[in-house]
Structure formats: structure tokens, C-alpha cells
Enquirer: 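One structure, pasted below without further comment.
From a predicted model like this one, the values you see are computed outputs, not experimental measurements.
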Amino acid sequence: MKILEINHMRKHFGDLEVLNDISLSVEEGQVVSIIGPSGSGKSTLLRCATLLETMDGGDLAYLGKYAARDVSGKAVYASSAELRSIKSSFGLVFQNFNLFPHYSVLKNITEAPILIQKRPKDEVYAHARELLKQMGLADREDAYPYQLSGGQQQRVSIARALAMQPKILFFDEPTSALDPELTGEILKVIRDLAAQHMTMVIVTHEMAFARDVSDHVIFMDGGVIVEQGNPFNIINNPQQERTIQFLSRFN
């Protein structure tokens with residue numbers, strides 16, 4: 001089953017073309033990694049896919065429901081009620097955690113499922129505690145973000161995204177704000193989610209991780225998809241000159 005489908009996505013900031021004719025789809029249980037240099041459009045692609053930015057043209061659909069359709073070369077968005085329902089399909093984990101500083105860990109995780117999804121409090125709290133256990137943070141539910149390491153904060157933000165029971169999880173460079181030791185603990189959490197067949201799209205600079213955990217790798221540069229395919233082939237044996245050049249810095 002296709003969870004996400006993007007066709008011919010385009011995005012400009014003024015005269016700058018940031019995304020040009022991006023098409024991709026993600027199947028249920030699939031892990032897709034997006035790699036490429038800074039400024040290649042990776043984060044903008046994620047922001048457009050998660051409705052934080054509006055795209056200029058193209059189609060965007062979750063589970064067959066259109067968030068936006070291309071009409072005569074312009075993206076026309078669904079009604080706000082339809083978009084609200086579509087937003088419950090996905091979760092997003094940012095590079096800088098984005099936790100509420102004045103909320104405890106438990107409140108950060110439970111607030112949205114209770115207020116937005118209107119789920120029963122008992123059920124949400126039980127699920128949140130289960131997620132904290134999974135993240136190795138069962139004893140930190142009453143802590144505040146400033147009392148946690150960067151790696152712990154990022155694990156809380158992953159738990160917060162999972163608490164909404166999304167069908168697909170997006171990660172925007174989830175380790176870029178962390179030192180190498182903490183990076184390892186976040187990559188382990190994502191590996192565990194992949195083992196549980198969580199559908200994920202991950203923008204990352206961790207090449208070995210992308211190769212080992214993904215089902216599909218996309219290399220972007222200059223707002224276009226330059227090359228995509230089997231992770232091992234893309235990372236160990238790229239065909240396009242630009243991909244070869246980019247990956248030579250990592251080998």
C-alpha cells in the first residue's frame with residue numbers, strides 16, 4: 001500500500017527554484033533515506049511533504065487522499081478539514097527537537113493526542129509511558145527538556161511523534177545537532193523502528209546508516225533527484241558523476 005505519493009513537486013523562493021519536478025512514493029513499511037549536499041532541497045522537500053511549506057505545483061497524497069493537486073501547473077490544496085485529517089497520517093522529528101520547554105517530558109508527549117486527537121487520557125498516558133520505556137527514558141517522565149541531554153531530548157521528540165500513531169514518520173537530519181556519541185543512540189532508535197516496519201523518510205548525512213537501514217536511497221542536488229535506487233548500489237556504486245563526487249567525501 002502506498003502511504004505517500006508526490007508527483008512533479010515544484011517550489012520557488014522568489015526567483016530561486018528550490019525543488020524542480022520531484023516525484024517519489026513510499027510504500028507501507030518502507031524506509032527511504034534522502035541524501036545530498038546542504039542546500040540541495042532535502043529539508044524543503046520534507047517541509048512541503050508535511051504541509052509546513054506550500055508547494056507551487058504538483059500533487060501530494062497520503063493513503064490515496066490528496067492534500068494538493070496540480071491544476072494547470074499550480075498546486076491547489078484540499079479544504080482545511082481534509083488537511084487536518086491528512087495531517088494525522090504523518091509525524092515529523094526535527095533536527096533541533098522543538099520540545100515545549102515549560103512542559104514535562106510526559107506532557108510534551110501526551111498534549112497533542114489528548115487535545116488534537118481527542119483520545120482518552122488514560123489510553124494516551126499508558127501509550128506515552130510505553131513509548132518512553134521503548135526509548136530508554138521510563139524514569140524521565142517528570143523531567144523538563146533542559147534537564148535532558150540532546151540525545152534524550154531527541155528520543156522524547158521521537159516518542160512525541162509516535163504518540164500520534166502516524167502511518168509515516170519523517171526525520172529531518174535527526175542527528176545533526178548531536179555529538180557523535182549521542183548520534184549513535186538516535187540511529188539505534190531509528191534502526192529499532194525500521195525493524196518494527198515503521199514507514200519512514202529520513203533526511204540524513206549518515207551514509208553508512210542510510211545504506212544499512214534503508215530500502216531505497218534518493219540523492220538530491222540543486223533541487224532535483226539526481227539518482228535513486230537500491231541503497232547499496234547508490235552508496236557503494238553510484239552511476240551519476242555528481243553522486244560520485246558527493247560520496248567521495250565520505251569514503
Side-chain angles (χ1 to χ4, degrees), residues 2-13 16-50 52-53 55-62 90-96 168-178 180 183-184 186-187 189-191 193-194 197-251:
K2 272 197 180 74
I3 302 282
L4 169 68
E5 194 161 8
I6 293 171
N7 290 312
H8 310 297
M9 181 187 274
R10 296 189 333 287
K11 175 70 181 171
H12 288 79
F13 290 120
L16 180 67
E17 186 175 56
V18 190
L19 297 173
N20 177 13
D21 199 21
I22 300 286
S23 295
L24 62 96
S25 65
V26 183
E27 299 281 338
E28 187 172 18
Q30 200 178 27
V31 178
V32 175
S33 286
I34 304 175
I35 62 170
S38 295
S40 58
K42 307 183 302 294
S43 290
T44 304
L45 168 56
L46 239 58
R47 290 180 67 80
C48 287
T50 55
L52 292 172
E53 295 278 359
M55 55 193 199
D56 298 323
D59 300 323
L60 171 64
Y62 284 91
F90 59 78
L92 176 59
V93 176
F94 299 90
Q95 48 185 288
N96 53 356
I168 181 170
L169 208 45
F170 293 91
F171 291 86
D172 188 7
E173 297 187 19
T175 59
S176 66
L178 303 174
T183 292
I186 297 309
L187 296 182
V189 168
I190 299 173
R191 275 177 207 274
L193 290 173
H197 306 293
M198 181 74 206
T199 311
M200 294 183 280
V201 175
I202 307 163
V203 168
T204 184
H205 287 299
E206 303 289 335
M207 296 304 136
F209 172 77
R211 181 193 61 211
D212 298 343
V213 173
S214 316
D215 301 297
H216 191 79
V217 166
I218 293 171
F219 171 66
M220 283 182 71
D221 189 33
V224 299
I225 293 176
V226 176
E227 192 168 355
Q228 62 178 316
N230 172 288
F232 191 83
N233 294 345
I234 296 290
I235 299 213
N236 288 38
N237 187 25
Q239 300 302 303
Q240 298 296 324
E241 187 50 47
R242 183 65 189 97
T243 322
I244 293 167
Q245 207 183 357
F246 174 73
L247 289 168
S248 67
R249 295 184 301 132
F250 293 94
N251 296 336

Enquirer: Once rounded to the nearest 0.5 Å, what's the spacing between atom CG of D172 and atom CD1 of I202?
Expert: 11.5 Å
Enquirer: Do the ring planes of Y62 and F170 sit parallel (below 30°), tilted (30 to 60°) or perpendicular (above 60°)?
Expert: perpendicular
Enquirer: Please list, chain by chain and in numerical order, all residues satisfying salt bridge (charged side-chain N to carboxylate O under 4.0 Å, His left out) with E53, sequence neighbours excluded.
Expert: K11, R47
Enquirer: Distance check, rounded to the nearest 0.5 Å: E173 atom CD versus T175 atom OG1?
Expert: 8.0 Å
Enquirer: Let me confirm one number: the OG-NE2 distance from S25 to H216, rounded to the nearest 0.5 Å.
Expert: 8.0 Å
Enquirer: Does NE2 in H197 sit with more than 12 non-hydrogen atoms of other residues, nucleotides or ligands closer than 6.0 Å?
Expert: no
Enquirer: Test side chain to side chain contact (heavy atoms under 4.5 Å, CB included) on D212 and R191 and set out the steps.
Expert: CA-CA 9 Å; D212 298 343; R191 275 177 207 274; 4.1 Å; yes
Enquirer: To the nearest 0.5 Å, what is the distance between OG1 (T50) and CG (L169)?
Expert: 11.0 Å
Enquirer: What closest approach, in Å, do M220 and L45 show between heavy atoms, and which atom pair accounts for it?
Expert: SD-CD2, 3.7 Å
Enquirer: Measuring from M200:CE to L193:CG, what's the distance to the nearest 0.5 Å?
Expert: 5.0 Å
Enquirer: I'd like to know whether I6 forms a side chain to side chain contact (heavy atoms under 4.5 Å, CB included) with V26, so could you lay out the CA-CA distance, the side-chain angles of the two residues, the decisive distance to 0.1 Å, and finally the verdict.
Expert: CA-CA 9 Å; I6 293 171; V26 183; over 6 Å; no
Enquirer: Does CZ belonging to F13 count more than 12 external heavy atoms closer than 6.0 Å?
Expert: yes
Enquirer: Indicate yes or no: at least one non-hydrogen side-chain atom of F209 is less than 4.5 angstrom from one of T183.
Expert: no
Enquirer: Please set out all donor-acceptor pairs under 3.5 angstrom arising from side-chain atoms of residues 30-42, sequence neighbours excluded.
Expert:
from	atom 1	to	atom 2	distance (Å)
Q30	OE1	E27	N	2.9
S33	OG	S214	OG	2.7
S40	OG	P37	O	2.7
K42	NZ	G36	O	2.9
K42	NZ	P37	O	3.0

Enquirer: Just by modelled atom types, is the I3 backbone N or O under 3.5 Å from a matching donor or acceptor in the E5 side chain?
Expert: no
Enquirer: Taking the side chain as C-beta and beyond, is there a heavy-atom pair between T204 and F171 under 4.5 Å?
Expert: no
Enquirer: Look only at the side chain of T199 and the backbone of E28, and say whether a donor-acceptor pair between them is shorter than 3.5 Å.
Expert: no
Enquirer: Grab the two heavy atoms, one from I22 and one from G223, that are nearest each other, plus how far apart they are.
Expert: CD1-O, 3.5 Å
Enquirer: Would you find a donor on one side and an acceptor on the other, under 3.5 Å apart, between the side chain of N7 and the backbone of D59?
Expert: no
Enquirer: Any pair with a residue in residues 222-237 that passes salt bridge (charged side-chain N to carboxylate O under 4.0 Å, His left out), sequence neighbours left out, goes on the list, sorted by first then second residue, please.
Expert: none
Enquirer: Are the side chains of L60 and L4 in touch, meaning some heavy atoms are under 4.5 Å apart?
Expert: yes
Enquirer: Apply side chain to side chain contact (heavy atoms under 4.5 Å, CB included) to the pair M207 and F246, showing each step before the final yes or no.
Expert: CA-CA 11 Å; M207 296 304 136; F246 174 73; 3.9 Å; yes
Enquirer: In Å and rounded to the nearest 0.5 Å, what is the CD1 to CD distance from I234 to Q240?
Expert: 9.0 Å
Enquirer: I'd like to know whether L19 forms a side chain to side chain contact (heavy atoms under 4.5 Å, CB included) with R10, so could you lay out the CA-CA distance, the side-chain angles of the two residues, the decisive distance to 0.1 Å, and finally the verdict.
Expert: CA-CA 5 Å; L19 297 173; R10 296 189 333 287; 5.7 Å; no
Enquirer: Taking all atoms of both residues into account, what is the closest heavy-atom pair of L247 and P238, and its distance?
Expert: CD1-CG, 3.9 Å
